[in-house]
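What follows is a short report on a single structure.
When reading the values below, keep in mind they use all heavy atoms of this one structure, side chains included, and skip hydrogens, waters and symmetry mates.
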Amino acid sequence: MLSQKKYKEDDQNFQGYIKENYDEDSDDQSRKKPTLIMNVQDTRYNIVKFVGQKIFKWKLQYENDGNQWDIFWTDASVQSETLGKMQPHQKINHFPGMFSLSRKNHLGKNLMKMKKQFPYEYKFFPKTWLLPTDYGEFRNQFMNGKTKTFIIKPEASCQGRGIFLTKDIDDIDPNDHQVAQRYLDRPFLIEGLKFDLRVYVLLAGTDPMRIYVYQDGLVRFATEPYVAPSFNNIDDVCMHLTNYAINKGNPNFIFNNDASKMDVGHKRSIKSVFGKLEEEGYNILKLWQDIYKLIIKTFCSVQPILRHHYKSCQPDNYANNMCFEILGFDVFVNNKFQPVLLEVNHTPSFTTDTPLDSLIKKNLIRDTLILMNVNLKAKEQIIRSRKEQLKQRVLTGKYQKISPEEKQALIQKFQKLRDEYEDNNLGDFVKIYPLSDCGEYTRFIEFATLMQDYWTGAKINRNIKVEVNNVNKNNIHSVNNFQKQQRNSKKKEQEVLINQHGFLNEEPETQHYEKQANTQNQFKRQQQLNMKETQQQQLTMHHLQQKILDQDVITNEYQPASSNKQLNFQNPQQI
């Protein structure tokens with residue numbers, strides 16, 4: 001087991017530049033030592049390369065050299081095909097299917113589905129409309145007399161690009177694909193400035209979910225004193241938006257130039273800000289707990305999607321450990337000191353243009369790779385276990401298929417091993433899921449699974465299989481009954497002959513074969529009738545499935561709320 005303390009003792013400060021492997025001054029002996037290979041061809045962040053090369057002493061790979069790497073770090077999303085081709089010891093820093101959280105329109109859609117079923121539990125994000133689909137309902141928001149403020153975001157942008165505030169429906173093109181939200185106009189202020197939190201969350205598994213929250217992050221401040229939005233100041237983005245990319249261009253922006261003073265400037269550390277607020281009497285522990293709940297509920301809404309993508313690519317990875325992902329949750333704090341989710345960033349920026357950024361992000365990446373057990377010893381154990389399995393398959397000449405009970409036992413075994421390792425190597429992470437008291441979230445996952453099944457047609461496909469199995473069972477039962485009736489009839493005839501004559505008259509050989517042929521013909525006719533009935537039921541179920549998917553009866557997600565049909569789902573406690 002790797003020591004967290006070992007890496008902290010050898011820690012180095014990142015100066016914004018890293019020598020590549022071929023520039024590194026190291027002796028020949030160190031080059032010959034076995035080490036891991038980190039592929040960094042698809043990342044532009046030097047801090048990632050620094051942690052791999054300088055802290056862990058890994059070899060960096062800059063070209064796509066087939067599959068000869070141990071960890072692949074990319075700034076882009078990961079396709080299912082990539083995960084499907086990976087070896088059990090390899091790891092990659094994204095999950096396939098993460099668009100369900102990272103794209104603003106998908107996040108809004110998934111959270112709004114949950115809010116319809118659980119209105120009290122899912123009130124931690126602003127009311128959202130997906131344009132142009134919800135344009136009719138959104139337009140109605142401007143008809144009630146009182147002028148409201150809305151924030152409009154492109155559905156797939158980042159760093160504040162394309163975001164604007166409006167009080168006028170005419171500012172919005174009804175054909176543009178955008179996400180509209182109620183603007184949160186009652187923020188909690190620090191020094192008169194609006195701010196948001198960049199909370200770093202590590203997703204380390206999908207089934208079950210394994211969620212960790214880093215205890216330090218960034219607090220990004222606006223650079224103009226906050227005033228409630230009006231027609232006079234609505235265009236002042238440096239007052240109403242907290243995006244670093246927007247505010248750093250303001251002459252008022254103060255950069256942090258000293259890592260030992262993280263409470264200075266318009267970008268500060270979460271620890272320094274929370275420490276001051278706690279001294280002022282604010283309940284930081286409760287704020288963290290509310291943030292944890294918000295994060296878990298957000299993941300619950302997409303867990304079935306992430307689980308499906310992962311299991312379809314790596315069905316035999318019982319350790320649930322080939323992917324991990326650092327997500328940036330942007331959290332707003334309102335005037336009641338309650339957290340509100342703004343968005344989720346699938347590839348949070350790892351730029352390090354200040355000492356504050358450098359220190360926090362370096363430690364975050366280092367603690368993540370330690371927690372994910374990326375090391376030479378773990379790799380060798382996995383390869384050795386894999387070789388033993390292949391050797392056993394060669395000796396027996398066949399693949400040993402395990403039973404569901406054995407599979408579940410293996411999953412539990414690997415989960416226990418991960419728990420033991422990760423509990424001892426948390427670094428600055430806190431584990432928030434799964435815990436012993438996380439049972440309350442099960443109903444959210446079950447409902448999300450139900451919605452996913454209906455939307456993809458998986459529920460209908462399962463029903464078809466059940467119907468076919470039932471028909472096949474009925475066919476077998478009918479044939480067995482027919483044969484049983486034939487045997488009973490013949491037995492009764494024999495009993496009658498014995499009672500009348502005292503002996504059993506043997507029927508002529510030709511008559512025996514005729515009866516046997518008749519029996520076989522009746523059996524074949526019964527099979528044909530049953531097969532036609534099965535095909536008819538399958539055809540009917542297929543038409544029903546197609547009709548449901550075509551009419552979008554289940555989700556109605558692209559219809560205005562005024563015309564949505566309500567589904568009679570079970571009570572949440574019964575799900």
Side-chain angles (χ1 to χ4, degrees), residues 97-158 160-185 229 234 240-241 294 297-298 300-302 304-305 330 332 340-346 444 447-448 450-452 454-456 548-569:
M98 193 54 73
F99 61 86
S100 55
L101 275 185
S102 61
R103 285 179 64 98
K104 297 176 180 66
N105 56 335
H106 285 276
L107 176 64
K109 177 187 69 174
N110 290 318
L111 290 180
M112 289 300 290
K113 284 181 183 179
M114 300 298 289
K115 190 173 183 177
K116 288 180 181 178
Q117 182 69 11
F118 307 103
Y120 179 77
E121 292 88 346
Y122 276 80
K123 61 179 183 179
F124 54 80
F125 64 99
K127 186 169 178 57
T128 304
W129 296 266
L130 308 181
L131 306 179
T133 305
D134 297 335
Y135 182 80
E137 182 191 351
F138 180 60
R139 187 181 182 88
N140 293 336
Q141 303 298 311
F142 296 83
M143 305 296 185
N144 299 330
K146 185 178 180 181
T147 304
K148 301 174 184 177
T149 307
F150 298 89
I151 184 168
I152 312 299
K153 308 175 183 179
E155 61 184 24
S157 69
C158 60
R161 289 190 291 267
I163 297 179
F164 65 94
L165 272 63
T166 184
K167 290 176 174 286
D168 190 348
I169 188 64
D170 293 334
D171 292 339
I172 300 169
D173 186 338
N175 298 315
D176 282 349
H177 287 264
Q178 297 172 319
V179 175
Q181 290 182 325
R182 279 292 304 272
Y183 177 71
L184 304 172
D185 57 2
I234 199 169
H240 297 293
L241 302 182
L294 172 158
K297 290 175 183 177
T298 301
C300 286
S301 68
V302 298
I305 301 173
D330 290 346
F332 169 87
V340 181
L341 177 66
L342 298 178
E343 59 185 58
V344 179
N345 293 272
H346 139 273
F444 304 138
F447 179 75
L450 178 65
M451 294 299 296
Q452 177 70 5
Y454 274 118
W455 176 239
T456 60
I548 290 176
L549 294 177
D550 289 343
Q551 295 181 357
D552 199 17
V553 173
I554 300 304
T555 59
N556 288 306
E557 61 179 336
Y558 296 117
Q559 299 296 328
S562 58
S563 63
N564 279 351
K565 297 179 182 178
Q566 298 297 321
L567 295 177
N568 294 322
F569 286 107

**Request:** Considering non-hydrogen atoms only, spot the tightest contact between L130 and V179 and give its length.
**Result:** CD2-CG2, 4.2 Å

**Request:** Could you tell me which residues satisfy side-chain contact (heavy atoms from CB on, under 4.5 Å) with I234, sequence neighbours excluded, listed by chain and number?
**Result:** T149, L165, K167

**Message:** Checking R182 now: which residues fulfil side-chain contact (heavy atoms from CB on, under 4.5 Å) with it, not counting sequence neighbours?
**Reply:** K127, W129, K148, F150

**Prompt:** Does Y120 have its ring centroid less than 6.0 Å away from the ring centroid of F118?
**Reply:** no

**Asked** What closest approach, in Å, do G162 and P154 show between heavy atoms, and which atom pair accounts for it?
**Response** O-CD, 3.4 Å

**Prompt:** Which value, rounded to the nearest 0.5 Å, describes the distance between L111 atom CG and C300 atom SG?
**Reply:** 11.0 Å

**Request:** Say whether, by atom type as modelled, one donor and one acceptor occur between the side chain of D330 and the main chain of N345 under 3.5 angstrom.
**Result:** no

**Request:** Calculate, to the nearest 0.5 Å, the distance between atoms CD1 and CD1 belonging to I152 and I172 respectively.
**Result:** 4.0 Å

**Complete:** Rounding to 0.5 Å, atoms OG1 (T133) and NE2 (H177) come to a distance of 7.5 Å

**Request:** Examine distances only and state if a side-chain atom of K104 and a backbone atom of K153 form a donor-acceptor pair shorter than 3.5 Å.
**Result:** no

**Asked** What distance do E137 atom CD and L131 atom CG have between them, rounded to the nearest 0.5 Å?
**Response** 10.0 Å

**Request:** Might you work through the side chain to side chain contact (heavy atoms under 4.5 Å, CB included) test for K297 and F125, ending with a clear yes or no?
**Result:** CA-CA 11 Å; K297 290 175 183 177; F125 64 99; over 6 Å; no

**Item:** Value rounded to 0.5 Å, distance of CE in M112 from OG1 in T128
**Value:** 6.0 Å

**Complete:** Closest non-hydrogen contact found for A448 with S301 is CB-O, 3.9 Å

**Prompt:** Going from CG on L241 to CD1 on I163, what distance comes out if it is rounded to the nearest 0.5 angstrom?
**Reply:** 6.0 Å

**Message:** What I'd like to find out is whether the side chain of L101 reaches to under 4.5 Å of the side chain of I305, using heavy atoms alone.
**Reply:** no

**Request:** May I ask you to decide if the ring planes of F124 and Y122 are parallel, tilted or perpendicular, using 30° and 60° as cut-offs?
**Result:** tilted

**Asked** So, do F138 and I169 sit near enough that their side-chain heavy atoms are less than 4.5 Å apart?
**Response** yes

